[in-house]
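First the structure, in the form of C-alpha cells, and then the observations on it.
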Amino acid sequence: MQRPSVSPGPALVAVPSDHRKAVGHVRQMAWTLNELLELLLMVNQGRTEEP
C-alpha cells in the first residue's frame, strides 16, 4: 500500500516569512539597544570629564 504524498500546507509556506520578520525584529531591537548604550556611554563620559 502506498502512502499518500504530503504537500506543504499554508502553515509550512508561512514559516520563512515569519522567520524573516522575527530576524528583522531582533535586528531592530539590537540596533536600538546599541544606540541607547552609545548614548548612555556619552552621558557617562560627559559626567566624568567635568570637575
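Worth knowing before you read on, the calculation uses all heavy atoms, side chains too, and leaves out hydrogens, waters and symmetry mates. Remember, predicted model here, so these are calculated numbers, not experimental data.
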Can you list, pair by pair, the side-chain donor-acceptor contacts under 3.5 Å of residues 22-32, counting residues two or more places apart and other chains?
unit_1 : atom_1 : unit_2 : atom_2 : d
T32    : OG1    : Q28    : O      : 2.9

### Query
Other hydrophobic cluster members with L37, side-chain heavy atoms of Ile/Leu/Val/Met/Phe/Trp/Tyr under 4.5 Å, chained?
L33
### Summary
Between the CG atom in L41 and the CG atom in N34, the distance rounded to the nearest 0.5 Å is 10.5 Å
